[in-house]
There are 2 protein chains.
Amino acid sequence: MNVLIVYAHPEPRSLNGALRDFAVAHLEAAGHAVQVSDLYAMNWKATLDADDATDRAPDADARFDPSLDSKRAFETGTQRDDIAREQARLKWADAVILQFPLWWFSMPAIMKGWVERVYAYGFAYGVGEHSDTHWGDRYGEGTLAGKRAMLIVTAGGWESHYGARGINGPIDDLLFPIQHGVLYYPGFDVLPPFVIYRTGKMDDARFEATRAALGARLDALHDTPPIPYRRQNAGDYEIPALTLKAEIAPEQTGFAAHLAHEY
Amino acid sequence: MNVLIVYAHPEPRSLNGALRDFAVAHLEAAGHAVQVSDLYAMNWKATLDADDATDRAPDADARFDPSLDSKRAFETGTQRDDIAREQARLKWADAVILQFPLWWFSMPAIMKGWVERVYAYGFAYGVGEHSDTHWGDRYGEGTLAGKRAMLIVTAGGWESHYGARGINGPIDDLLFPIQHGVLYYPGFDVLPPFVIYRTGKMDDARFEATRAALGARLDALHDTPPIPYRRQNAGDYEIPALTLKAEIAPEQTGFAAHLAHEY
């Protein structure tokens, strides 16, 4: 497989750096082709703005529209090179791994900016027809359908803090905006995340165990069952309200209602 | 009151820009002092990195630790000026408003980077003692306790898409990592958010109604009951597991379990 790792940590000599190096070596040893978008090393531009199109005059008097300007630049080939290059990597990849430390319960700003800028209108959203039975190609359909995605996340807190009744909220719910909203939305099959807790207390034994567990997850990248999110246009949702039909999981609300079954 | 608006939109001539201008004028007319951190206009540095301390040699051989380096810079007064200035604004404020468009189900990268860089170790986390009954000053206690905070959020999607059974997930759950994780964590009382949906279909009548509703929310900034999140150290949680005690909301899991009552 072709595997793209999008990686966001400022210090290569960190736990994240060690796990990234391990993942690359492990995947390559298994015969996969690997590319890494190391956002800090690339000095990735985190902020989406008018400079993301190459043909916008600096004194342009037109209003900047984050969405429509992205559409125009994508369609006319006037996106900045860094954006086009990442889109090409996504198209090349059979599997995409986003690896990052959990900062304030989400991805680092530099990776959020990767999503915002690379996910152009026409590339990752705003594709497909709208009708009474189909509300665009998204949530299970889209440009990136057929590819797999997985998060590798490190957290300083304890696993119990992220449990079903833990104070930070359940990790699956904290990651839902990323897994469902960023990855499933443009079509990825999303595998369960690989989460490492309490990173400040990592001794050699746990580090070895973590590497072994990560290796097993990477070995199963091609056949791990994805999180069973419901497809938007497959009959479970009212269109255009995009609410679950009354007979679908009738007792359920919230993120979990968008799973077709437990996993 | 002293009100700080932290604002993230790249185009002043946008709906967000118009609502920001309205909010400033409305608050000032009511006698409040208002400061705006307009992150795009300030060209805010979104990416947390080693340059956030002023005394780090460019060829420093030491590992960069995002958390411990932030602690050292905060304690020794070697934070970059932009960070120290925002911390001073937060201390000045009685109420803080974060205003942003919902991009990929969270705040824009530039604002996420404001959180990551301004929320230094020792300022917004890593404060207070740890004991059998107290796990640091956080979730209801902390440097920013006694202040109020509120989100103003615009979304392109329909309100039903963000409802209890809507495909995007309920807006309260999507905002939980921000409201509970970013705002309540360092001590803010968090007011219910002000959310504007379907921003692409904003006609004059709805714009007027939106401004009126926002004005009413701003008029009530000082006495709106906050979201009743549970305080970490007030007896509801096991310490140090930080899970809800068995007798607290025994049937509940997930984000909603951290509310002491419905609101």
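Reckoned from all heavy atoms, side chains included, excluding hydrogens, waters and symmetry mates. By convention in this document, chain letters (A, B, ...) are assigned in the order of the sequence lines, proteins followed by strands, and residues within each chain are numbered from 1.
Ranked by heavy-atom pairs shorter than 4.5 Å toward chain A, the options B:Trp104, B:Tyr40, B:Phe105 are led by B:Trp104. Taking chain B as the reference chain and counting heavy-atom pairs below 4.5 Å, the highest number among A:Pro108, A:Ser14, A:Ala124, A:Ser106 is found for A:Pro108. Highest contact tally toward chain A, considering only B:Glu159, B:Arg117, B:Met107, B:Arg230, is held by B:Met107 [criterion: heavy-atom pairs under 4.5 Å]. Counting heavy-atom pairs under 4.5 Å between each of A:Thr243, A:Leu242, A:Thr253 and chain B puts A:Leu242 at the top. Counting heavy-atom pairs closer than 4.5 Å to chain B, the top-ranked of the candidates A:Gly166, A:Gly157, A:Pro10 is A:Gly166. The candidate from B:Arg165, B:Gln232, B:Gln252 with the greatest count of non-hydrogen atom pairs under 4.5 Å with chain A is B:Arg165. Chosen from A:Ala164, A:Ser67, A:Gly113, A:Ala8, the residue pairing most often with chain B at heavy-atom distances under 4.5 Å is A:Ala164. Note: A:Pro170 leads A:Gly156, A:Pro12, A:Pro170 in heavy-atom pairs under 4.5 Å with chain B. Of the listed residues B:Asp236, B:Leu174, B:Asp65, the one with more heavy-atom pairs under 4.5 angstrom with chain A than any other is B:Leu174. Considering only heavy-atom pairs separated by less than 4.5 Å from chain A, the leading option among B:Ala241, B:Ala257, B:Gly181 is B:Ala241. Contact count versus chain A (heavy atoms, under 4.5 Å) is highest, among B:Arg63, B:Glu238, B:His180, for B:Arg63.
Only the side chain of A:Tyr237 comes within contact range of chain B, judged by heavy atoms closer than 4.5 Å. At a 4.5 Å heavy-atom cutoff, the contact between B:Phe64 and chain A is made by backbone and side-chain atoms alike. Looking at B:Pro240, the atoms closer than 4.5 Å to chain A (heavy atoms on both sides) sit in the backbone and in the side chain alike. Neither the backbone nor the side chain of B:Leu39 comes within contact range of chain A; no heavy atoms are under 4.5 Å apart. Heavy atoms closer than 4.5 Å to chain B are found nowhere in A:Pro101, neither backbone nor side chain. Only the side chain of B:Trp158 comes within less than 4.5 Å of a heavy atom in chain A; its backbone stays farther off. Proximity to chain A (any heavy atom under 4.5 Å) is shown, for B:Pro186, by neither the backbone nor the side chain. Proximity to chain B (any heavy atom under 4.5 Å) is restricted, for A:Pro66, to the side chain, taken from C-beta onward.
Across all non-hydrogen atoms, the minimal contact from B:Gln99 to B:Met111 is O-CE, 3.5 Å. Between A:Trp44 and A:Ile110, the shortest heavy-atom distance links the atoms CD1-O, 3.5 Å. Taking each heavy atom of A:His130 and A:Gly128 in turn, the nearest pair found is ND1-O, 3.8 Å. The nearest pair of heavy atoms linking A:Ala46 to B:Thr47 is CB-OG1, 3.8 Å. In plain terms, the two heavy atoms of B:Glu86 and B:Met42 that are nearest each other are OE2-CE, 3.3 Å. Of all the heavy atoms in A:His258 and B:Ile167, the pair that sits closest is CE1-CA, 3.5 Å.
In this model, no donor atom of one side chain and acceptor atom of the other lie less than 3.5 Å apart for A:Gln79 and A:Asp52.
Note that CG of A:Asp49 is 11.0 Å distant from CD of A:Glu116, once rounded to the nearest 0.5 Å.
When each of B:Tyr184, B:Phe188, B:Tyr185 is checked for a ring pair (Phe, Tyr, Trp, His ring centres under 6.0 Å) with B:Tyr229, only B:Tyr184 meets the rule.
B:Val118 places a side-chain heavy atom less than 4.5 Å from the side chain of B:Leu90. Looking only at side-chain heavy atoms (C-beta outward), A:Trp135 and B:His161 come within less than 4.5 Å of each other.
Heavy atoms from other residues, nucleotides or ligands lying under 6.0 Å from CG of A:Asp21 number more than 12.
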